[in-house]
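First up is the structure itself, then whatever we jot down about it.
Within every chain, numbering begins at 1; the chains are lettered A, B, ... in the order of the sequence lines, protein sequences first and strands thereafter. Atom set for the values below is all heavy atoms of this structure, side chains included, hydrogens, waters and symmetry mates excluded.
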There are 2 protein chains.
Amino acid sequence: MEVFQEFEPGLKDIEGFSHVILIYWLHQSAGFRLVVTPSWDTEPHGLFTTRSPNRPCPLGLSVVRLVAREGRVLTVRELDAIDGTPLLDIKPYFPSLDGVPSARVGQPKGRSKAEER
Amino acid sequence: MEVFQEFEPGLKDIEGFSHVILIYWLHQSAGFRLVVTPSWDTEPHGLFTTRSPNRPCPLGLSVVRLVAREGRVLTVRELDAIDGTPLLDIKPYFPSLDGVPSARVGQPKGRSKAEER
């Protein structure tokens with residue numbers, strides 16, 4: 001990901017974090033339906049139980065591994081976004097705030113596939 | 001949190017999730033500085049290593065526990081936002097995507113305080 005030059009000072013010390021949260025604008029989002037039947041399921045689910053890019057406010061979010069930083073360029077892993085996606089914000093990942101390994105996930109039938117999205 | 005009536009169908013089955021991610025507009029955010037010295041530290045840090053509400057794109061994010069849902073009203077715990085904050089998006093929390101309990105946190109001196117913010 002590339003950060004605008006004017007914002008580069010805001011990246012100071014970010015190398016200390018192994019993970020960051022990226023929020024981006026899903027610029028190719030095309031409308032939305034509030035109830036969706038995912039391809040991996042036969043049951044319809046509420047849009048807000050999915051990570052579909054087609055949402056009323058098309059914000060995308062990925063928890064990514066920060067592999068390297070060179071100036072204003074961050075190399076990350078596990079980013080679920082297409083090339084050219086506008087980056088809106090970078091937040092540090094704090095396990096105490098953001099890490100809930102035991103969180104219960106709905107949609108038991110399609111759980112593993114839901115998590116791919 | 002209250003969801004607009006028109007979006008209520010999108011909440012279908014959200015009760016199956018113990019945690020959700022809320023993204024909101026930090027409407028009282030007032031400008032930003034790219035390098036900040038938090039009150040709990042003597043060292044300046046990049047803004048993007050903090051969860052300060054004063055950011056170029058003032059988006060807030062909280063991983064919250066979903067305690068109850070009644071229609072379009074969600075009762076949540078651990079929400080770091082003031083009353084009246086406009087909600088932009090709700091995403092399901094998937095531990096496999098969002099849970100990194102072993103993530104390394106920078107700013108070792110101020111770690112615990114940093115995490116309060």
Side-chain angles (χ1 to χ4, degrees), chain A residues 3-4 6-21 23 32-36 43-51 55-59 61-63 65 78 80 87-108 111-112 114-115, chain B residues 3-4 6-21 23 32-36 43-51 55-59 61-63 65 78 80 87-108 111-112 114-115:
Chain A
V3 171
F4 286 140
E6 65 195 283
F7 297 140
E8 185 177 332
L11 296 175
K12 178 172 154 44
D13 300 333
I14 203 162
E15 305 88 329
F17 289 82
S18 66
H19 290 74
V20 295
I21 301 172
I23 303 179
F32 62 89
R33 283 176 307 154
L34 288 171
V35 178
V36 291
E43 301 279 321
H45 299 288
L47 174 61
F48 299 120
T49 69
T50 79
R51 298 287 272 256
R55 2 190 16 101
C57 184
L59 294 172
L61 179 158
S62 289
V63 173
R65 176 180 294 274
E78 287 128 44
D80 184 21
L87 180 63
L88 297 178
D89 197 11
I90 303 173
K91 294 185 190 297
Y93 186 94
F94 291 117
S96 63
L97 290 177
D98 308 308
V100 191
S102 62
R104 191 182 71 243
V105 171
Q107 310 164 355
R111 183 186 302 190
S112 60
E115 290 172 313
Chain B
V3 171
F4 285 141
E6 65 194 282
F7 297 141
E8 185 177 333
L11 296 175
K12 178 173 155 39
D13 300 333
I14 203 162
E15 303 89 329
F17 290 82
S18 66
H19 291 73
V20 295
I21 301 172
I23 302 179
F32 62 89
R33 283 177 305 154
L34 288 172
V35 179
V36 291
E43 301 280 320
H45 298 288
L47 175 62
F48 299 120
T49 70
T50 79
R51 298 287 272 254
R55 2 190 17 101
C57 185
L59 294 172
L61 179 157
S62 290
V63 173
R65 177 181 293 274
E78 288 128 45
D80 184 20
L87 180 62
L88 297 178
D89 197 11
I90 303 173
K91 294 185 190 296
Y93 187 93
F94 290 116
S96 63
L97 290 176
D98 308 309
V100 190
S102 62
R104 189 181 73 243
V105 172
Q107 310 163 354
R111 183 186 302 191
S112 59
E115 290 172 312

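- Heavy-atom minimum distance, B/Ile23 versus A/Leu59: CG2-CD1, 3.6 Å.
- Proximity to chain A (any heavy atom under 4.5 Å) is restricted, for B/Ile21, to the side chain, taken from C-beta onward.
- Your options are B/Val3, B/Leu47, B/Val36, and the one with the most heavy-atom pairs under 4.5 Å with chain A is B/Leu47.
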Original post:
What's the verdict on side chain to side chain contact (heavy atoms under 4.5 Å, CB included) for A/Leu61 and B/Asp98, showing C-alpha distance, side-chain angles and the deciding distance?
Top reply: CA-CA 10 Å; A/Leu61 179 158; B/Asp98 308 309; 4.3 Å; yes
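- Using a 4.5 Å cut-off between heavy atoms, B/Val35 touches chain A through its side chain atoms alone.
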**OP:** Please assess B/Val63 against A/Leu97 for the test side chain to side chain contact (heavy atoms under 4.5 Å, CB included), listing each intermediate value before the final yes or no.
**Re:** CA-CA 7 Å; B/Val63 173; A/Leu97 290 177; over 6 Å; no
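- For A/Asp89 and B/Arg51, the salt-bridge test fails: no basic side-chain N is under 4.0 Å from an acidic carboxylate O.
- Per-residue counts of heavy-atom pairs under 4.5 Å with chain A were compared for B/Glu8, B/Arg33, B/Lys91; the largest is that of B/Lys91.
- Ranked by non-hydrogen atom pairs under 4.5 Å with chain A, the options B/Gly10, B/Cys57, B/Ala103, B/Pro44 are led by B/Gly10.
- Tested against B/Phe48 for a side chain to side chain contact (heavy atoms under 4.5 Å, CB included), the candidates A/Val20, A/Asp13, A/Leu11 yield a single pass: A/Leu11.
- The heavy-atom pair separating A/Val105 from B/Phe94 by the smallest distance is CG1-CE2, 3.5 Å.
- Distance alone, capped at 3.5 Å, places no donor-acceptor pair between the B/Arg104 side chain and the A/His19 backbone.
- Between A/Glu6 and B/Leu34 the shortest heavy-atom distance is O-CD1, 3.0 Å.
- Not counting sequence neighbours, the partners of B/Glu15 by the side chain to side chain donor-acceptor pair (under 3.5 Å) test are B/Arg69.
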